[in-house]
Asks: 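Can you read through this structure? Questions will come right after.
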Amino acid sequence: MTSVTHNTLLSPSKNITENTHKKSNEAALILIRHGESLWNEKNLFTGCVDVPLTEKGVEEAIEAGKRISNIPIDVIYTSSLIRAQMTAMLAMIQHRRKKVPIILHNESEQAKIWSQVFSEETKNQSIPVIPAWELNERMYGELQGLNKQETAERYGKQQVHEWRRSYDIPPPKGESLEMCAERAVAYFEDNIEPKLAAGKNVMIAAHGNSLRSIIMYLDKLTCQEVISLELSTGIPLLYIFKDGKFIKRGSPVGPTEAGVYAYTKRLAQYRQKLDENSEIICS
């Protein structure tokens, strides 16, 4: 009996769609800014420099995972940077499905061949993780590795503020938010949105500026509105994609808060099945 119940949860999007008689495609989209990195802690411009999480960042990623532990996830997208990938992996350890996140290596034919999985059952108990450089933090150019306070003293607070908070002014040899948005949103439209349209539930673990760019697209923000948008590290944001539209649902509070998962009938049904499955396994 346990194995039968377990199998009903192998594909959350497929399972719920069948139960609701395929009335319309509906999917969850979770956005998570990575937890605190070692250079966040040191107040350094990080950009595309690949640094890991601090102990606090690890805790933030784990807490994020607890908040989304009852939301179905079929595929994960991350940037190519370790702090985003660590956040995704640590978050998924907390998920009640206990599926294993597996990074897909598509950088070469040899990488694809060497990382193949030859068990269908193992594949069913896994979640693909797709790294993409297009989701990287914006490249801060010559500011990368510099202390933010010292940089303000060197170039002037106003100049550094323009580099950090304007929409179309890049730092020396770096990217503006506008340039970051061009690559991040294009990748989202070409690769992630079709998955959501097919009813797949998606999590994106990325960075402050790449996620701000995507949120600008989802919420139809103006250039002025997006520059004032602040994203906290390790705090997930939930969107529902339905009938071609994105509906913002805020941040899940925690795994014990039932109400946040009842934004849609599908999410409520999914959580109910998780609860039923847990009861059978424990009995």
Side-chain angles (χ1 to χ4, degrees), residues 6 9-13 27-38 40-41 51-104 124-132 135 192 195-196 200-208 210-211 214-215 231-240 248-264 266-268 270-275 277-278 281-282:
H6 184 66
L9 288 170
L10 289 180
S11 179
S13 59
L29 171 64
I30 300 167
L31 308 179
I32 304 179
R33 182 186 175 191
H34 65 79
E36 182 189 67
S37 75
L38 287 169
N40 289 144
E41 182 183 48
V51 298
L53 301 179
T54 61
E55 184 175 346
K56 177 184 175 183
V58 169
E59 292 172 354
E60 288 177 332
I62 291 172
E63 176 60 28
K66 292 177 180 178
R67 291 183 178 219
I68 62 171
S69 63
N70 293 299
I71 300 176
I73 299 171
D74 296 306
V75 60
I76 299 168
Y77 289 85
T78 76
S79 75
S80 66
L81 303 174
I82 190 64
R83 57 192 186 272
Q85 294 180 15
M86 287 179 71
T87 298
M89 295 298 186
L90 289 166
M92 289 312 300
I93 290 172
Q94 306 302 314
H95 202 279
R96 293 178 63 189
R97 286 296 313 284
K98 300 302 181 186
K99 281 193 168 187
V100 178
I102 297 179
I103 295 178
L104 301 186
N124 287 335
Q125 292 304 313
S126 306
I127 295 181
V129 180
I130 303 172
L135 299 176
I192 300 176
K195 286 280 195 300
L196 294 164
K200 296 295 183 182
N201 304 290
V202 176
M203 182 176 91
I204 304 175
H207 307 266
S210 55
L211 289 178
I214 291 172
I215 291 171
L231 298 179
S232 300
T233 54
I235 303 296
L237 293 175
L238 174 64
Y239 285 78
I240 301 299
K248 191 172 186 176
R249 294 303 193 188
S251 178
V253 178
T256 59
E257 298 290 333
V260 75
Y261 302 106
Y263 287 127
T264 74
R266 290 182 72 242
L267 291 187
Y270 181 74
R271 175 169 183 159
Q272 182 180 0
K273 286 188 174 294
L274 287 175
D275 291 340
N277 191 50
S278 297
I281 291 174
C282 293

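Position 1 is the first residue of the sequence, and the numbers go up from there. Please read all numbers here as calculations on a predicted model, not as lab measurements.
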Asks: From Ile130 CD1 over to Leu135 CG, what is the distance, rounded to the nearest 0.5 angstrom?
Replies: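 The CG atom of Leu135 is 10.0 Å from CD1 of Ile130, to the nearest 0.5 Å.
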Asks: Only counting residues at least two apart or in another chain, list the ones meeting side chain to side chain donor-acceptor pair (under 3.5 Å) with Glu36.
Replies: Thr54
Asks: Under 3.5 Å, is there a donor on one side chain and an acceptor on the other for Thr233 and His34?
Replies: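 Judged by distance alone, the side chains do not pair up.
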Asks: Output all residues satisfying side chain to side chain contact (heavy atoms under 4.5 Å, CB included) with Ala205, sequence neighbours left out; order by chain, then residue number.
Replies: Thr78, Ala88
Asks: Please name all residues satisfying side chain to side chain donor-acceptor pair (under 3.5 Å) with Ser126, sequence neighbours left out, ordered by chain then number.
Replies: none
Asks: Which value, rounded to the nearest 0.5 Å, describes the distance between Arg33 atom CZ and Ile204 atom CD1?
Replies: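 CD1 of Ile204 is found 15.5 Å from CZ of Arg33.
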Asks: Could I get the full list of side chain to side chain donor-acceptor pair (under 3.5 Å) partners for Tyr239, not counting sequence neighbours?
Replies: Asp219
Asks: How long is the span from the NE2 atom in His95 to the CE atom in Met203, to the nearest 0.5 Å?
Replies: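 One finds 9.0 Å between NE2 of His95 and CE of Met203.
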Asks: With sequence neighbours left out, what residues match Gln272 under side chain to side chain donor-acceptor pair (under 3.5 Å)?
Replies: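 Counting only residues at least two positions away or on another chain, Gln272 forms a side chain to side chain donor-acceptor pair (under 3.5 Å) with Glu276.
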Asks: Under the rule for side chain to side chain contact (heavy atoms under 4.5 Å, CB included), what residues qualify as partners of Ile93, not counting sequence neighbours?
Replies: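 Partners of Ile93 by the side chain to side chain contact (heavy atoms under 4.5 Å, CB included) criterion, ordered by chain and then number, come out as Leu90.
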Asks: Please enumerate all residues that pass side chain to side chain contact (heavy atoms under 4.5 Å, CB included) together with Glu55, with sequence neighbours excluded.
Replies: Glu59
Asks: Indicate whether the side chain of Arg67 and that of Ser251 have a donor and an acceptor atom separated by less than 3.5 Å.
Replies: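 Side chains of Arg67 and Ser251: pair found under 3.5 Å.
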Asks: Determine the minimum heavy-atom distance between Pro131 and Ser80, stating which atoms define it.
Replies: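 Heavy atoms of Pro131 and Ser80 come nearest at CB-CA, 4.5 Å.
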Asks: Under a 4.0 Å threshold between the charged nitrogen and the carboxylate oxygen, would Asp74 count as salt-bridged to Lys195?
Replies: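 The answer is no: the pair does not qualify as a salt bridge.
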Asks: Could I get the full list of side chain to side chain contact (heavy atoms under 4.5 Å, CB included) partners for Met86, not counting sequence neighbours?
Replies: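 Partners of Met86 by the side chain to side chain contact (heavy atoms under 4.5 Å, CB included) criterion, ordered by chain and then number, come out as Pro52, Leu53, Val58, Ile82.
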